[in-house]
Amino acid sequence: MISTKYAPQEIESKWYQYWLENKFFASKPDPEKEPYTIVIPPPNVTGVLHMGHMLNNTIQDVLIRKARMEGKEACWVPGTDHASIATEAKVVAMLKERGIEKKDISREEFLEYAHEWKDKYGGIILDQLKKLGASCDWDRTRFTMEPSLYDAVIETFVRLYNKGQIYRGVRMVNWDPLGKTALSDEEVIDKDIQAKLYFIRYELVGETGKYLTIATSRPETIMADVAICVNPTDERYLDFHGKSVKIPLLGREIPVITDEYVAVDFGTGCLKVTPAHDLNDYELGLKHKLPVIDILNDDGFLNEKAVLYVGQDRFAARRNIVKDLEEAGLLEKMEEYKSIVKTSERTGAVIEPKLSLQWFLKMEELSKPALENVMNDNIKLYPHKFKNTYRSWMENVHDWCISRQLWWGQQIPAFYLQDGTIIVAKTKREALRKAQHELMLFALTEEDLTQDPDVLDTWFSSWLWPISVFDGIKNPENEEINYYYPTNDLVTGPDILFFWVARMIIAGYEWRDELPFKNVYLTGIVRDKQGRKMSKSLGNSPDPLDLIQQYGADGVRSGLLFSAPAGNDLLFDEKLCEQGRNFCNKVWNAFRLVKGWTISESNERKPESELAIEWLNSKISQTITEVQDHFSKFRISDALLSLYNLVWDDFCSKYLEIIKPGFEQPIDKATYEATIGIFEKLMCLLHPYMPFITEEIWQALTDRTQGATICHAEFPKEGAVNIDVLADFEILFDLVSKIRETRNAKQISPKTELPLSIKAEDQGRYKQLEGIIRKLGNTSEIDFVSSNVEGAISFVLKSDEFFINLAGELDVEAELENAKKELEYNLGFKKSTEAKLANERFVANAKPELVERERQKLADADAKIKALEEMIVRLGGK
RNA sequence: GGUUUCAUAGCUCAGCUGGUUCAGAGCACCUGCCUUACAAGCAGGGGGUCCUAGGUUCGAAUCCUAGUGGGACCA
């Protein structure tokens with residue numbers, strides 16, 4: 001006995017095991033087959049599966065499974081990235097627990113711990129993907145810090161440096177005082193905060209008691225001030241031009257300068273210029289050739305240059321200086337002020353704009369082909385609206401700060417001589433050789449070279465991902481890269497369109513002079529019911545594995561996709577998973593029904609079954625066309641919905657009800673076999689979405705050989721569509737609905753047979769369907785009549801009239817009212833159609849088939865009106 | 001502030017190059033059913049000024065303009 005409820009847990013682990021053992025997902029270049037490649041957006045190695053991963057990996061799996069079934073050489077490459085700052089933070093925390101400080105151990109020791117951490121926890125997220133059913137080629141699992149990918153990064157650095165695309169320079173960077181590293185703009189999150197604006201008095205030099213008041217949100221930086229700037233047109237301050245003021249408490253004298261940059265209407269119109277601690281001030285400082293005084297250490301504490309508050313944290317210093325200014329009577333007032341503060345994505349620390357020596361990649365030239373090939377649709381973004389965003393980014397691209405003050409990552413292959421000369425080479429040995437030969441420093445030894453201690457930004461690894469996973473940087477002509485590259489589709493979130501997707505495109509054109517992928521599918525962001533982004537810190541995200549446990553992987557996958565239109569955010573509700581689970585259960589029960597039948601030996605076959613098979617096959621063909629169309633537009637969700645309706649409504653509610661034999665009756669062999677074939681087809685169609693249940697059922701529908709799998713079964717192709725049968729069945733189902741409606745309205749038990757009479761021109765249509773009508777509507781034998789049936793409930797479909805003769809059940813008033821309402825509607829409809837057809841401009845301008853359709857509609861309406869009028873007369877109305 | 005995008009049923013959304021296959025789907029809701037695969041189910045039903053105001057057109061949910069209100073990106 002098969003359980004009435006589908007129990008996914010065992011089935012899922014059983015089949016996943018089977019798939020792995022048989023290496024169904026393994027791929028190798030096969031010139032006979034068309035390649036279809038997806039590289040996974042490598043999740044952060046410290047990560048655990050979250051809802052966003054589930055969504056985009058489900059989509060990837062749907063795409064790759066479908067391609068595999070379509071006979072393509074499908075290759076889905078999994079892997080993780082090393083996430084330098086996040087991982088380093090984890091490792092530091094792990095060491096702390098063991099009582100070890102990072103500063104007390106060597107770089108080599110630290111990296112050993114880091115690898116230890118990675119080996120222990122780094123595979124978690126990949127194992128979770130297996131639970132989801134992901135059909136990755138696991139033998140190809142890559143990691144951005146593994147030797148091959150590490151070397152590729154080093155090689156690209158050297159090559160770009162030699163091309164003059166990489167330089168070292170002092171720049172204002174986003175400094176994370178907690179992580180003690182520079183961050184790229186993309187790793188910085190703006191947060192709205194309620195800040196205070198402090199109005200501080202600067203005394204004029206030589207004019208005691210005369211002040212300039214500036215407004216600042218960062219009073220602790222006044223010790224780094226090098227000027228006060230006013231707008232030259234600001235009449236309030238004309239007298240102050242060229243004079244000097246004293247920094248409060250400190251007493252250092254700084255000049256008052258003028259620049260158009262200063263907004264007259266913000267604060268007091270006086271701007272304190274602090275080049276070391278503000279990007280705009282820095283640029284202003286450059287323009288006016290002002291000195292730079294940096295009063296902060298790497299950890300955000302004030303240094304000796306501050307003179308005051310030395311050794312205090314920047315926030316403590318702020319509190320103290322406000323107090324002291326107040327006591328000195330130099331704090332005029334404070335105002336509430338809505339502002340944004342930049343914080344580190346990884347550590348959460350407030351970012352400090354800081355001048356520092358960093359490595360940069362010039363982006364202007366490199367990004368040109370990447371912009372062009374997206375704008376001309378060589379690479380297509382789905383949905384297309386992201387093209388605009390992409391363009392505005394790429395047209396305003398800044399040089400990329402690629403160095404990070406960390407240990408976990410690819411160490412920058414730059415070596416310094418004692419005099420500061422930089423030699424960039426893959427290894428120390430090569431750098432030495434270069435120094436010896438190019439600089440004629442033959443006496444030099446490796447000891448004289450010091451490697452730059454910094455590592456490269458993680459994105460400087462992952463931008464090579466579609467190439468480096470196939471070893472295409474170091475061996476650009478190898479078989480794999482030539483076969484699998486360019487990859488087909490990339491599926492990721494819009495939040496990393498710029499700092500990952502765009503850079504992969506750049507890398508693609510730079511290294512292979514070719515696009516890295518043809519389509520970029522941008523998923524929505526998974527939000528909770530209130531529209532908030534799901535995040536660990538908010539605690540509003542369900543644990544994906546719990547969901548899988550509860551609803552089954554197939555249920556969660558289809559549930560997620562039910563409401564995941566491309567690029568639109570998805571408001572996640574567990575109800576969706578429930579719907580997915582229920583769908584699995586429905587399919588399961590259909591399977592139970594079919595497998596429970598006994599098969600009759602006779603060759604007799606019911607004509608209605610034959611018709612139903614013809615109809616369903618046409619319906620399936622139509623749906624396949626629809627599904628393929630949806631896929632071509634990356635409308636994964638719509639494709640699923642089409643299949644959902646096909647399986648639930650057409651197959652279960654209609655087809656199976658039609659062919660279902662009576663209680664304890666056998667089914668004829670031909671119908672049974674056709675049904676098994678159809679069931680198999682439906683499982684194949686659903687398999688990309690619901691891999692487990694479809695495998696389970698597919699395996700059990702007929703005898704399978706060892707090593708067979710639905711994963712490699714053919715994805716069904718559309719067959720013939722019989723339009724006549726489809727039209728007949730449409731009327732059939734309308735009629736059945738009407739009968740059931742009548743039954744419901746009159747509160748008649750479904751077990752009671754209803755007497756049905758039909759008055760129709762074309763009786764043949766109904767005669768061939770009689771068996772089905774009787775079965776689905778539970779009617780008696782159909783009585784074909786040529787005149788009206790007195791005292792019967794009646795309704796009109798197209799131009800045909802139907803009567804259900806229920807003695808004493810006819811509510812003349814109600815019937816009359818209904819008929820009149822329907823007549824009114826049809827008259828209105830006829831009028832508007834006539835008006836349309838009477839309009840010369842419509843007939844002249846509209847497409848001919850459209851006009852023809854309108855004429856047909858008019859004819860149908862006429863017939864229906866005639867029938868309704870007769871009915872009204874019969875009921876005693878006029 | 002700039003750029004961009006969206007507004008359709010109680011909720012989440014679909015609706016392509018304008019045309020009754022245009023006002024739809026799923027969920028929720030209401031009514032009746034433990035009917036022999038399935039109550040995680042079956043049968044049926046109600047529900048919308050397509051944000052507002054103009055315009056283009058024979059015809060507008062769809063195209064244009066403005067407004068209102070959300071989102072995203074950038075500053």
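Quick note on labels: first sequence line is chain A, next is B, and so on, each numbered from 1.
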P atoms of B:rC51 and B:rC11, separation to the nearest Å: 14 Å
Looking at B:rC42, I'd like to know if its phosphate oxygens (OP1 or OP2) sit under 4.0 Å from a side-chain N or O belonging to A:R743. no
Do A:K575 and B:rC27 share a donor-acceptor pair, side chain to base, under 3.5 Å? no
Rounded to the nearest angstrom, tell me the gap between atom NZ in A:K654 and atom P in B:rC42. 13 Å
Determine the Euclidean distance between corresponding P atoms of B:rC63 and B:rU17; express it in Å to zero decimal places. 8 Å
Would you say the rings of A:F386 and A:H384 are close, in the sense that their centroids are separated by under 6.0 Å? no
Intra- and interstrand pairs of RNA chain B - dot-bracket, Watson-Crick/G-U under 3.5 Å, | marks other strand: (((((((..((((.....[....)))).(((((.......))))).....(((((..]....)))))))))))).
Pick base, sugar-phosphate or nothing for A:R581, based on heavy-atom distances below 4.0 Å to the nucleic acid. base
Give me the distance, rounded to whole Å, that separates B:rC27 from B:rG46 when you measure between the C1' atoms they each carry. 16 Å
If you measure from the Lys or Arg side-chain nitrogens to the Asp or Glu carboxylate oxygens, is any gap between A:K633 and A:D638 under 4.0 Å? no
Roughly, in whole Å, what's the span from CZ in A:F631 to P in B:rC16? 21 Å
Can you tell me how far P of B:rG44 sits from CG of A:D734, to the nearest Å? 11 Å
On a whole-Å scale, what distance lies between the C1' atoms belonging to B:rG48 and B:rA40? 30 Å
Taking any heavy-atom pair under 4.0 Å as a contact, classify A:C652: base, sugar-phosphate, or nothing. base
Parallel, tilted or perpendicular: which describes the rings of A:W459 and A:W500, with under 30° parallel and over 60° perpendicular? tilted
May I ask you to verify whether the side chain of A:E657 and the base of B:rA43 hold a donor-acceptor pair under 3.5 Å? no
Taking the six-membered ring for Trp, are A:F562 and A:Y644 ring centroids under 6.0 Å apart? yes
Distance check needed: B:rA25 P versus A:L640 CG, whole Å only. 17 Å
Taking only the C1' atom of each, what is the distance from B:rG10 to B:rU56 in whole angstrom? 35 Å
Nearest-nucleotide pick for A:K660, side chain only, options being B:rA75, B:rA37, B:rA14: B:rA37
In whole Å, I'd like the distance from the CZ atom of A:F583 to the P atom of B:rC27. 12 Å
Looking at every strand, decide which applies to A:N388 at a 4.0 Å heavy-atom threshold: base, sugar-phosphate, or nothing. sugar-phosphate
Between B:rU21 and B:rU5, how far is it from one P atom to the other, in whole Å? 32 Å
OP1 or OP2 of B:rA37 sitting under 4.0 Å from any side-chain N/O of A:W648? no
Rounded to the nearest angstrom, tell me the gap between atom NZ in A:K775 and atom C1' in B:rU35. 14 Å
Atom-to-atom span, CZ of A:F651 to P of B:rC38 - whole angstrom: 16 Å
Is the side chain of A:K342 donor-acceptor paired with the backbone N or O of A:E352 at a distance under 3.5 Å, no angle test? no
For A:F634 and A:Y521, I'd like to know if the aromatic rings sit close, meaning centre-to-centre distance below 6.0 Å. yes
For a quick test of reading the model: is some side-chain N or O of A:T389 closer than 4.0 Å to OP1 or OP2 of B:rU3? no
So that I know where these two stand, are A:W588 and A:F591 an aromatic pair - ring centroids less than 6.0 Å apart? yes
Output the rounded distance in Å from CG (A:N589) to C1' (B:rA40). 9 Å
Both A:N744 and A:A590 contact RNA chain B. Taking the nearest nucleotide for each, which residue is further toward the 5' end? A:A590
Looking at B:rC74, I'd like to know if its phosphate oxygens (OP1 or OP2) sit under 4.0 Å from a side-chain N or O belonging to A:N396. no
Select one nucleotide: of B:rC38, B:rG44, B:rA75, the one nearest the side-chain heavy atoms of A:R592. B:rC38
Can you tell me how far C1' in B:rC50 sits from the matching atom in B:rA7, rounded to whole Å? 10 Å
Hey, would you say the A:Y655 and A:F651 ring centroids sit under 6.0 Å apart? yes
Just checking A:Q579: base, sugar-phosphate only, or nothing, at a heavy-atom cut-off of under 4.0 Å? sugar-phosphate
If you count the non-hydrogen atoms of other residues, nucleotides and ligands that lie under 6.0 Å from CD in A:E395, is the total more than 12? yes
Contacts of A:N582 and A:S737 projected onto RNA chain B by closest heavy atom; the upstream (5') one is A:N582
B:rA61 and B:rU49: how far apart are their P atoms, nearest whole angstrom? 14 Å
